[in-house]
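Worksheet: the structure to be examined is printed underneath.
Residues: numbered from 1 along the sequence shown. Just so it is clear, the structure is predicted and the values come from calculations on it, not from any experiment.
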Amino acid sequence: MKVVIIGASFAGVSAALAIRKKHPQAEIHLIEKQQTIGYLPGGINLYFNKTIDPIETAQFISEEQLIDNDISLLLNARVVSMDSTQHIIKYEKQETEFFMSFDKLILATGSSQWSNKILGSDSEKVLKYKFLPGVLKAIERLENSDKVAVIGGGQIGGEAADTLLKKGKEVHLFERMDYLLFKYFDEEMIRPVQAEMVSRGVVFHFDETVEKVTDTDEGLLIETKKSELVCDSAIFGMNVRPDLGYLDEHIRTHTDQTVFVNEYLQTSQADVFAIGDCIQVPYSLSQESFYIPLVNNAVRTGLVVAQNLVEATTPFVGSIRTIGTKLVDYYVASTGLTEAEGLFHGQPIAVSHVQQRSSLFSGCEKICGKIIFEKESHKILGAQLVSKADILEKINTLALGIQMGQTLEELYQKDFLYHPYYSNVIDITNQLGFEGLWSEADEN
């Protein structure tokens, strides 16, 4: 069986390694348009925070590791077209065209940072650093910039603002919504993080959509309906988009140009699959699917597609958007529905807030937690954690509870580690379940 995978980022690499385990005799070809593989999109933050040096070491896998797994790697090759009925793709390498046949094809092309709504966003001063060539240019330009605009207040934009603060830059962040990380947090949970960022110098431009970016003699002009700002450079922190210009007419797509797949990650054409940032993923808490370009989704779809290449056996369970990061001194983590989204849930929802110390003796930082659940069934729908203590791993427990359909009663009874130096008497995740029950009792 000859398997061709287009794209060697998280999804493509995960699929290749999983297929090698599932099908030891398979012939596996991994095609990547970049000159290198395995670059971590957040590598520039690791570099500026002095976690890594040089920037080229920001890799999650090397060429040697793939070769050691008998995976053929074709770099600096761009797929330009395909014939899914004849099982052939065409790619370009060094301005020469080549053809490759396949038995199974996996579309894992990933995504890029671009916008057709912001005029001038293709300027060299609008930095995009998902791939290594863009990172190398961004490092040089940011080192020589004093005033930087960040376009987008999601995780990319928030982390960029945090990094720029540490570099001593003047930071302006533009976000069309009215607070930071709105997809993942309710406003009251993220408010202390925003306040700390403001106290350190970030200027937030909320409720402002960047419409135009212009190179001028004075600098880079950022324009919204409400304001104008001249800066030295800007960071494009908005959502990425899939790169799928090579698809033929037999591959069904959604209106947002993502590839339509069934629950087994099969496309509309036999023997062709799609994973990672190429597809929408089902939202585990509803009957809908969304474009959620997260690394954890890419990796999991890569693992699942390997199980379904020959026979459809393993449906992809979907996503509940689990994220975590550190902004200024705060660790922030979220999974599942926010309270704002819960208003559109099919059943009435309720919420509960909890505050407790991270441990009895060590550090003693306060943890602020929030849980969202169905009012009648007590089924957990979402959770958010904010603390100066590192609580990021705890969100995985809450995410698993949501995926398994747990109730508050099951959550507060889960087993947990207790040690007086490292933990509190009751874990914050258990406490969220327990307090959720009491908040319901008090209300009734």
Short side-chain to backbone donor-acceptor contact, Glu32 and Ala8, under 3.5 Å: yes
Leu343 side, atom CG; Leu337 side, atom CG - distance, nearest 0.5 Å: 10.0 Å
From CA spacing to verdict: salt bridge (charged side-chain N to carboxylate O under 4.0 Å, His left out), Lys130, Asp277: CA-CA 13 Å; Lys130 185 174 182 184; Asp277 290 1; 3.5 Å; yes
Lys/Arg-Asp/Glu bridge criterion (N-O < 4.0 Å) met for Arg20, Asp68: no
Check: Leu221 main-chain N/O paired with Glu228 side-chain donor or acceptor under 3.5 Å: no
With a cut-off of 3.5 Å and sequence neighbours excluded, list every side-chain donor-acceptor pair involving residues 397-406.
none

Rounded distance [0.5 Å steps], OG1 in Thr335 versus CD1 in Ile395: 5.5 Å
Chi angles and distances behind the side chain to side chain donor-acceptor pair (under 3.5 Å) call for Gln307, Thr314: CA-CA 6 Å; Gln307 305 301 314; Thr314 309; 4.7 Å; no
Separation of Asp427 CG from Leu417 CG (nearest 0.5 Å): 8.5 Å
N/O donor-acceptor pair under 3.5 Å between Glu63 side chain and Leu73 backbone: no
Modelled atom types, side-chain donor and acceptor of Glu208 and Thr224, under 3.5 Å: yes
Arg176/Asp207 salt bridge by N-O under 4.0 Å criterion: no
Cationic N near anionic O, under 4.0 Å, Glu341 to Lys183: no
Polar contact flag, side-chain donor to acceptor under 3.5 angstrom, Lys33-Asn76: no
Gln384-Asp186 side chain donor-acceptor pair, cut-off 3.5 Å: yes
Donor-acceptor side-chain pairing of Thr57 and Tyr47 below 3.5 angstrom: no
His353 versus Glu435, side-chain donor and acceptor atoms under 3.5 Å: no
Qualifying residue for side-chain contact (heavy atoms from CB on, under 4.5 Å) with Val193, from Leu181, Val328, Asp162, Val198: Val328
Face-on cation placement of Lys90 at Phe98 ring, 6.0 Å and 45° thresholds: no
Spatial distance of atom CZ (Phe273) from atom OG1 (Thr301) [nearest 0.5 Å]: 12.5 Å
Aromatic contact, Phe10 with Phe60 (centres under 6.0 Å): yes
Charged N-O contact under 4.0 Å between Lys128 and Asp122: no
Parallel, tilted or perpendicular: ring planes of Phe204 versus Phe206, cut at 30 and 60 degrees: parallel
Tyr264 side chain reached by Val305 side chain, heavy atoms, under 4.5 Å: no
Exercise: do Asp248 and Ser84 side chains pair donor with acceptor under 3.5 Å: yes
Distance-only donor-acceptor check, side chains Asp256 and Thr258, under 3.5 Å: yes
Lys366 and Ser358 side chains, donor-acceptor separation under 3.5 Å: no
Mutual orientation of the aromatic rings belonging to His205 and His172 [parallel < 30°, tilted 30-60°, perpendicular > 60°]: tilted
All pairs passing side-chain hydrogen bond (donor to acceptor under 3.5 Å, both in side chains) where residues 133-158 contributes a residue, at least two apart: Glu143-Lys167, Ser145-Ser233, Gln155-Glu159
Residues Asp215 and Ser123: side-chain donor-acceptor under 3.5 angstrom: yes
Between CG on residue Leu392 and OG1 on residue Thr322, distance to nearest 0.5 Å: 12.0 Å
